[in-house]
Q: 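The structure under discussion is supplied below as C-alpha coordinates; questions concerning it will follow.
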Protein chains: 2
Amino acid sequence: MDRKHIEGKLRDGGYKLTPQRRAILEVLLEHRGRFVDAGEIYEKTRARHYGTNFSTVYRNLDILENLGIIHKTSIESGTAVYELIFHRPHHHHIICKKCGRTEIIDMCPLEQLIKAVEDKDFTLTGHKFELYGYCRDCSKNQ
Amino acid sequence: MDRKHIEGKLRDGGYKLTPQRRAILEVLLEHRGRFVDAGEIYEKTRARHYGTNFSTVYRNLDILENLGIIHKTSIESGTAVYELIFHRPHHHHIICKKCGRTEIIDMCPLEQLIKAVEDKDFTLTGHKFELYGYCRDCSKNQ
DNA sequence: CTTCGTGCAAAAAATTTGCATCCGT
DNA sequence: ACGGATGCAAATTTTTTGCACGAAG
(Lines give C-alpha, C1' and ligand atoms only; values in the text may rest on other atoms or scores of the structure.)
Protein backbone atom coordinates (compact mmCIF):
# COMPACT_ATOMS: atom_id res chain seq x y z
CA MET A 1 0.00 0.00 0.00
CA ASP A 2 1.85 3.08 -1.21
CA ARG A 3 0.99 6.75 -1.14
CA LYS A 4 -0.79 6.73 -4.48
CA HIS A 5 -2.90 3.76 -3.53
CA ILE A 6 -3.88 5.39 -0.25
CA GLU A 7 -4.72 8.69 -1.86
CA GLY A 8 -6.93 6.83 -4.28
CA LYS A 9 -8.83 5.24 -1.42
CA LEU A 10 -9.35 8.62 0.15
CA ARG A 11 -10.69 10.10 -3.09
CA ASP A 12 -12.97 7.15 -3.60
CA GLY A 13 -14.31 7.75 -0.15
CA GLY A 14 -15.07 11.35 -1.00
CA TYR A 15 -12.30 12.70 1.19
CA LYS A 16 -10.12 15.61 0.21
CA LEU A 17 -6.38 15.74 0.19
CA THR A 18 -5.40 18.43 2.60
CA PRO A 19 -1.83 19.20 3.58
CA GLN A 20 -2.54 18.03 7.12
CA ARG A 21 -3.85 14.73 5.86
CA ARG A 22 -0.84 14.34 3.63
CA ALA A 23 1.47 15.07 6.53
CA ILE A 24 -0.21 12.46 8.69
CA LEU A 25 0.12 9.95 5.89
CA GLU A 26 3.79 10.78 5.45
CA VAL A 27 4.36 10.13 9.10
CA LEU A 28 2.58 6.82 8.94
CA LEU A 29 4.48 5.83 5.83
CA GLU A 30 7.74 6.69 7.55
CA HIS A 31 6.79 4.40 10.36
CA ARG A 32 5.73 1.43 8.34
CA GLY A 33 6.04 -1.69 10.38
CA ARG A 34 5.84 0.05 13.70
CA PHE A 35 2.96 0.93 15.98
CA VAL A 36 2.88 4.57 16.99
CA ASP A 37 0.48 6.32 19.30
CA ALA A 38 -1.58 9.39 18.56
CA GLY A 39 0.76 11.64 20.51
CA GLU A 40 3.75 10.68 18.46
CA ILE A 41 1.84 11.00 15.22
CA TYR A 42 0.75 14.43 16.34
CA GLU A 43 4.29 15.58 17.14
CA LYS A 44 5.73 14.31 13.91
CA THR A 45 2.88 15.64 11.82
CA ARG A 46 3.20 19.03 13.35
CA ALA A 47 6.87 19.04 12.46
CA ARG A 48 5.86 18.58 8.83
CA HIS A 49 2.87 20.82 8.78
CA TYR A 50 3.16 23.46 11.44
CA GLY A 51 0.03 24.07 13.43
CA THR A 52 -1.77 20.83 12.75
CA ASN A 53 -4.20 20.24 15.54
CA PHE A 54 -4.57 17.21 17.74
CA SER A 55 -8.25 16.89 16.84
CA THR A 56 -7.32 16.80 13.21
CA VAL A 57 -4.97 13.95 13.91
CA TYR A 58 -7.56 11.95 15.80
CA ARG A 59 -10.23 12.63 13.23
CA ASN A 60 -7.97 11.49 10.45
CA LEU A 61 -6.82 8.40 12.25
CA ASP A 62 -10.47 7.47 12.56
CA ILE A 63 -11.09 8.01 8.88
CA LEU A 64 -8.02 6.07 7.89
CA GLU A 65 -9.02 3.22 10.09
CA ASN A 66 -12.49 3.10 8.62
CA LEU A 67 -11.04 3.05 5.14
CA GLY A 68 -8.90 0.10 6.09
CA ILE A 69 -5.71 2.04 5.56
CA ILE A 70 -4.42 1.77 9.08
CA HIS A 71 -4.80 -0.69 11.87
CA LYS A 72 -5.62 0.46 15.38
CA THR A 73 -5.02 -1.64 18.42
CA SER A 74 -3.94 -1.28 21.99
CA ILE A 75 -0.97 -3.11 23.27
CA GLU A 76 0.09 -3.21 26.87
CA SER A 77 0.29 0.46 27.66
CA GLY A 78 -3.43 0.90 27.29
CA THR A 79 -3.27 3.80 24.87
CA ALA A 80 -4.21 3.16 21.29
CA VAL A 81 -1.54 2.64 18.67
CA TYR A 82 -1.74 2.71 14.92
CA GLU A 83 0.13 1.39 11.95
CA LEU A 84 -0.25 1.35 8.21
CA ILE A 85 -1.67 -1.79 6.77
CA PHE A 86 0.94 -2.59 4.21
CA HIS A 87 0.57 -6.28 4.02
CA ARG A 88 -2.92 -7.15 3.06
CA PRO A 89 -3.09 -10.84 3.85
CA HIS A 90 -4.30 -11.47 7.34
CA HIS A 91 -1.45 -11.62 9.78
CA HIS A 92 -0.31 -10.88 13.31
CA HIS A 93 2.55 -9.08 14.95
CA ILE A 94 5.51 -9.29 17.20
CA ILE A 95 5.68 -5.96 18.95
CA CYS A 96 8.62 -4.38 20.68
CA LYS A 97 7.45 -3.14 24.05
CA LYS A 98 9.96 -0.34 24.01
CA CYS A 99 9.93 1.19 20.55
CA GLY A 100 6.77 -0.23 19.03
CA ARG A 101 8.59 -1.77 16.10
CA THR A 102 6.68 -4.69 14.70
CA GLU A 103 7.52 -7.77 12.76
CA ILE A 104 4.98 -9.61 10.75
CA ILE A 105 3.94 -13.13 11.53
CA ASP A 106 2.63 -14.21 8.18
CA MET A 107 0.38 -16.86 9.47
CA CYS A 108 -2.53 -17.05 11.77
CA PRO A 109 -2.59 -19.39 14.72
CA LEU A 110 -6.17 -20.21 13.94
CA GLU A 111 -5.01 -22.24 10.98
CA GLN A 112 -1.60 -23.42 11.81
CA LEU A 113 0.93 -21.92 14.07
CA ILE A 114 4.25 -23.28 14.81
CA LYS A 115 7.12 -20.98 15.26
CA ALA A 116 7.65 -18.59 12.46
CA VAL A 117 9.05 -16.82 15.40
CA GLU A 118 12.43 -18.34 15.98
CA ASP A 119 14.20 -16.32 13.34
CA LYS A 120 12.79 -13.00 14.43
CA ASP A 121 15.46 -11.79 16.83
CA PHE A 122 13.04 -10.67 19.46
CA THR A 123 13.27 -11.39 23.16
CA LEU A 124 9.78 -12.54 23.92
CA THR A 125 8.29 -11.45 27.20
CA GLY A 126 4.63 -12.10 26.67
CA HIS A 127 1.91 -12.52 24.17
CA LYS A 128 -1.76 -12.06 23.62
CA PHE A 129 -4.10 -14.19 21.63
CA GLU A 130 -7.69 -13.18 21.93
CA LEU A 131 -10.75 -14.06 19.97
CA TYR A 132 -13.61 -11.62 19.75
CA GLY A 133 -17.20 -12.24 18.95
CA TYR A 134 -20.52 -12.82 20.59
CA CYS A 135 -21.44 -15.43 23.12
CA ARG A 136 -24.61 -17.42 22.70
CA ASP A 137 -26.72 -15.06 24.78
CA CYS A 138 -25.52 -11.95 23.03
CA SER A 139 -25.92 -13.42 19.58
CA LYS A 140 -29.56 -14.04 20.39
CA ASN A 141 -30.64 -10.60 21.51
CA GLN A 142 -28.49 -8.73 19.07
CA MET B 1 -8.40 -19.17 43.26
CA ASP B 2 -11.00 -18.61 45.94
CA ARG B 3 -11.50 -15.84 48.45
CA LYS B 4 -9.37 -17.46 51.14
CA HIS B 5 -6.53 -18.04 48.75
CA ILE B 6 -6.62 -14.46 47.57
CA GLU B 7 -6.77 -13.04 51.06
CA GLY B 8 -3.72 -15.11 51.89
CA LYS B 9 -1.83 -13.59 49.00
CA LEU B 10 -2.73 -10.14 50.16
CA ARG B 11 -1.54 -10.83 53.71
CA ASP B 12 1.66 -12.31 52.43
CA GLY B 13 2.21 -9.16 50.45
CA GLY B 14 1.78 -7.08 53.58
CA TYR B 15 -1.58 -5.72 52.49
CA LYS B 16 -4.46 -5.20 54.84
CA LEU B 17 -7.98 -6.46 54.47
CA THR B 18 -10.13 -3.40 54.34
CA PRO B 19 -13.83 -3.48 53.66
CA GLN B 20 -13.27 -1.67 50.37
CA ARG B 21 -10.75 -4.23 49.28
CA ARG B 22 -13.09 -7.02 50.27
CA ALA B 23 -15.89 -5.42 48.31
CA ILE B 24 -13.76 -5.13 45.23
CA LEU B 25 -12.79 -8.75 45.55
CA GLU B 26 -16.40 -9.78 45.94
CA VAL B 27 -17.24 -7.98 42.75
CA LEU B 28 -14.41 -9.64 40.90
CA LEU B 29 -15.40 -13.03 42.27
CA GLU B 30 -18.96 -12.46 41.15
CA HIS B 31 -17.70 -11.79 37.68
CA ARG B 32 -15.38 -14.71 37.32
CA GLY B 33 -14.86 -15.52 33.71
CA ARG B 34 -15.79 -12.10 32.47
CA PHE B 35 -13.77 -8.99 31.77
CA VAL B 36 -15.09 -5.89 33.46
CA ASP B 37 -13.82 -2.36 33.25
CA ALA B 38 -12.86 -0.09 36.12
CA GLY B 39 -16.07 1.85 35.86
CA GLU B 40 -18.22 -1.20 36.32
CA ILE B 41 -16.09 -2.46 39.19
CA TYR B 42 -16.42 0.93 40.78
CA GLU B 43 -20.21 0.99 40.50
CA LYS B 44 -20.67 -2.51 41.83
CA THR B 45 -18.17 -2.02 44.62
CA ARG B 46 -19.85 1.13 45.72
CA ALA B 47 -23.14 -0.74 45.88
CA ARG B 48 -21.52 -3.09 48.38
CA HIS B 49 -19.53 -0.60 50.31
CA TYR B 50 -21.06 2.80 50.08
CA GLY B 51 -18.65 5.62 49.44
CA THR B 52 -15.79 3.66 48.02
CA ASN B 53 -13.72 5.99 45.92
CA PHE B 54 -12.65 5.57 42.34
CA SER B 55 -9.00 6.06 43.27
CA THR B 56 -9.32 3.25 45.74
CA VAL B 57 -10.61 1.01 43.03
CA TYR B 58 -7.79 1.86 40.65
CA ARG B 59 -5.18 1.52 43.34
CA ASN B 60 -6.48 -1.87 44.31
CA LEU B 61 -6.73 -3.11 40.78
CA ASP B 62 -3.06 -2.25 40.45
CA ILE B 63 -2.15 -4.13 43.58
CA LEU B 64 -4.21 -7.15 42.61
CA GLU B 65 -2.60 -7.20 39.23
CA ASN B 66 0.87 -7.04 40.70
CA LEU B 67 0.04 -9.90 43.02
CA GLY B 68 -1.05 -11.98 40.08
CA ILE B 69 -4.62 -12.15 41.33
CA ILE B 70 -6.21 -10.43 38.40
CA HIS B 71 -5.41 -10.06 34.76
CA LYS B 72 -5.55 -6.67 33.08
CA THR B 73 -5.82 -6.26 29.36
CA SER B 74 -7.45 -4.03 26.83
CA ILE B 75 -9.75 -5.45 24.29
CA GLU B 76 -11.20 -3.54 21.42
CA SER B 77 -12.76 -0.62 23.20
CA GLY B 78 -9.42 0.76 24.26
CA THR B 79 -10.24 0.99 27.95
CA ALA B 80 -8.65 -1.46 30.30
CA VAL B 81 -10.58 -4.49 31.53
CA TYR B 82 -9.88 -6.86 34.37
CA GLU B 83 -10.71 -10.37 35.42
CA LEU B 84 -9.81 -12.76 38.18
CA ILE B 85 -7.19 -15.29 37.34
CA PHE B 86 -8.97 -18.42 38.36
CA HIS B 87 -7.30 -20.87 36.14
CA ARG B 88 -3.64 -20.76 36.81
CA PRO B 89 -2.18 -22.60 33.86
CA HIS B 90 -1.35 -20.28 31.04
CA HIS B 91 -4.27 -19.80 28.72
CA HIS B 92 -6.09 -17.37 26.46
CA HIS B 93 -9.62 -16.16 26.01
CA ILE B 94 -12.58 -15.88 23.79
CA ILE B 95 -14.20 -12.60 24.66
CA CYS B 96 -17.73 -11.49 24.03
CA LYS B 97 -17.61 -8.04 22.50
CA LYS B 98 -20.93 -7.16 24.02
CA CYS B 99 -20.94 -8.37 27.61
CA GLY B 100 -17.29 -9.15 28.23
CA ARG B 101 -17.98 -12.77 29.11
CA THR B 102 -14.97 -14.92 28.48
CA GLU B 103 -14.34 -18.53 27.78
CA ILE B 104 -11.05 -20.15 28.42
CA ILE B 105 -8.94 -21.60 25.68
CA ASP B 106 -6.84 -24.00 27.62
CA MET B 107 -3.98 -24.08 25.27
CA CYS B 108 -1.58 -21.63 23.88
CA PRO B 109 -1.09 -21.22 20.15
CA LEU B 110 2.60 -20.94 20.71
CA GLU B 111 2.73 -24.64 21.38
CA GLN B 112 -0.08 -26.14 19.50
CA LEU B 113 -3.28 -24.61 18.45
CA ILE B 114 -5.96 -26.28 16.59
CA LYS B 115 -9.50 -25.52 17.37
CA ALA B 116 -10.44 -25.92 20.93
CA VAL B 117 -12.81 -23.36 19.67
CA GLU B 118 -15.44 -25.22 17.77
CA ASP B 119 -17.43 -26.27 20.81
CA LYS B 120 -17.50 -22.85 22.38
CA ASP B 121 -20.75 -21.46 21.02
CA PHE B 122 -19.32 -18.09 20.16
CA THR B 123 -19.83 -16.23 16.92
CA LEU B 124 -16.32 -15.21 16.07
CA THR B 125 -15.83 -11.79 14.57
CA GLY B 126 -12.15 -11.23 15.02
CA HIS B 127 -9.10 -12.12 16.99
CA LYS B 128 -5.81 -10.84 18.20
CA PHE B 129 -2.59 -12.68 18.64
CA GLU B 130 0.28 -10.50 19.60
CA LEU B 131 3.70 -11.25 20.95
CA TYR B 132 5.47 -8.75 23.13
CA GLY B 133 9.11 -8.37 23.87
CA TYR B 134 12.14 -6.46 22.79
CA CYS B 135 13.61 -6.22 19.34
CA ARG B 136 17.32 -6.63 18.85
CA ASP B 137 18.09 -2.93 19.16
CA CYS B 138 16.08 -2.47 22.29
CA SER B 139 17.47 -5.56 23.95
CA LYS B 140 20.92 -4.11 23.51
CA ASN B 141 20.49 -0.71 25.09
CA GLN B 142 18.16 -1.90 27.76
C1' DC C 1 -19.83 27.38 -4.63
C1' DT C 2 -20.57 23.41 -2.06
C1' DT C 3 -18.97 20.14 0.98
C1' DC C 4 -15.65 18.62 3.67
C1' DG C 5 -11.80 19.79 6.83
C1' DT C 6 -9.56 22.47 10.12
C1' DG C 7 -8.38 25.12 14.38
C1' DC C 8 -9.81 26.39 18.64
C1' DA C 9 -11.70 25.82 22.87
C1' DA C 10 -14.05 23.20 25.75
C1' DA C 11 -15.83 18.86 27.38
C1' DA C 12 -15.65 14.10 28.33
C1' DA C 13 -13.54 9.93 29.66
C1' DA C 14 -9.90 7.37 31.84
C1' DT C 15 -6.41 7.28 35.06
C1' DT C 16 -3.03 9.09 38.47
C1' DT C 17 -1.26 11.72 42.41
C1' DG C 18 -0.56 14.56 46.88
C1' DC C 19 -1.96 15.02 51.17
C1' DA C 20 -4.27 14.72 55.57
C1' DT C 21 -6.71 11.45 57.98
C1' DC C 22 -8.18 6.89 59.20
C1' DC C 23 -8.07 2.10 60.37
C1' DG C 24 -6.17 -2.88 60.39
C1' DT C 25 -2.89 -5.51 62.56
C1' DA D 1 1.43 2.90 67.68
C1' DC D 2 2.98 1.99 63.00
C1' DG D 3 2.43 1.63 58.26
C1' DG D 4 -0.44 0.86 54.87
C1' DA D 5 -5.18 2.46 52.97
C1' DT D 6 -8.69 5.65 52.07
C1' DG D 7 -11.26 9.92 50.59
C1' DC D 8 -11.07 14.04 48.47
C1' DA D 9 -9.77 17.20 45.25
C1' DA D 10 -7.08 18.30 41.76
C1' DA D 11 -4.04 17.21 38.02
C1' DT D 12 -2.89 14.30 33.91
C1' DT D 13 -3.61 11.85 29.99
C1' DT D 14 -6.25 10.40 26.19
C1' DT D 15 -9.90 11.20 23.21
C1' DT D 16 -14.16 13.54 21.51
C1' DT D 17 -17.23 17.31 20.10
C1' DG D 18 -19.49 21.94 18.64
C1' DC D 19 -18.92 25.66 15.99
C1' DA D 20 -17.34 29.20 12.80
C1' DC D 21 -14.08 29.83 9.33
C1' DG D 22 -11.14 28.28 5.47
C1' DA D 23 -9.89 25.55 1.62
C1' DA D 24 -10.19 21.49 -1.82
C1' DG D 25 -12.60 19.72 -5.70
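Naming convention: chains lettered A, B, ... in sequence-line order (proteins, then strands); numbering from 1 in each chain.
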Q: Is there side-chain contact between E7(B) and R22(B), with at least one heavy-atom pair below 4.5 Å?
A: yes
Q: Please name the pair of heavy atoms, one in I70(A) and one in I85(A), separated by the smallest distance, quoted to 0.1 Å.
A: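 Taking every non-hydrogen atom into account, O-CD1, 3.6 Å.
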Q: If only side-chain N and O atoms of T18(A) are considered, is one of them under 4.0 Å from the OP1 or OP2 phosphate oxygen of dA23(D)?
A: no
Q: In whole Å, I'd like the distance from the CG atom of D37(A) to the C1' atom of dT14(D).
A: 10 Å
Q: Between the base of dG7(C) and the side chain of R59(A), is one N or O donor paired with an acceptor at under 3.5 angstrom?
A: yes
Q: Does any donor-acceptor pair link the side chain of S55(B) with the base of dT17(C) at a separation under 3.5 Å?
A: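 Yes.
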Q: I want to check one thing: is the phosphate of dT6(D), taken as OP1 and OP2, less than 4.0 Å away from some side-chain N or O of N60(B)?
A: yes
Q: Among dT6(D), dT25(C), dG7(D), which nucleotide has an atom closest to any side-chain atom of N53(B)?
A: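 In terms of side-chain proximity for N53(B), the closest of dT6(D), dT25(C), dG7(D) is dG7(D).
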Q: Would you classify G51(B) as touching base, sugar-phosphate or nothing, given that sugar-phosphate means primed atoms plus P, OP1 and OP2, and contacts are heavy atoms under 4.0 Å?
A: sugar-phosphate
Q: Using only side-chain N and O atoms of Q20(A), determine if any of them is under 4.0 Å from OP1 or OP2 of dA23(D).
A: no
Q: Rounded to whole angstroms, how far apart are CZ on R11(A) and C1' on dG5(C)?
A: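 About 16 Å, once rounded to whole Å.
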Q: Would R11(B) and Y15(B) count as a side-chain hydrogen bond (donor to acceptor under 3.5 Å, both in side chains) here? Give the steps.
A: CA-CA 5 Å; R11(B) 281 211 191 75; Y15(B) 296 103; over 6 Å; no
Q: Which nucleotide, dG5(C), dT15(C), dA9(D), lies nearest any side-chain atom of Y58(B)?
A: dT15(C)
Q: In terms of side-chain geometry, is the basic nitrogen of E26(A) or R3(A) positioned less than 4.0 Å from the acidic oxygen of its partner?
A: yes
Q: Once you round it to whole Å, what is the distance between P of dG5(C) and CG of L25(A)?
A: 13 Å
Q: Both T52(B) and L17(A) contact DNA chain D. Which one's nearest nucleotide lies toward the 5' end?
A: T52(B)
Q: How many Å lie between CD1 on I24(A) and P on dG5(C), as a whole number?
A: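 It is 12 Å, rounded to the nearest whole Å.
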Q: Return whichever of A38(B) or F54(A) has its heavy-atom-nearest nucleotide of DNA chain C closer to the 5' end.
A: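 Of the two residues, F54(A) wins.
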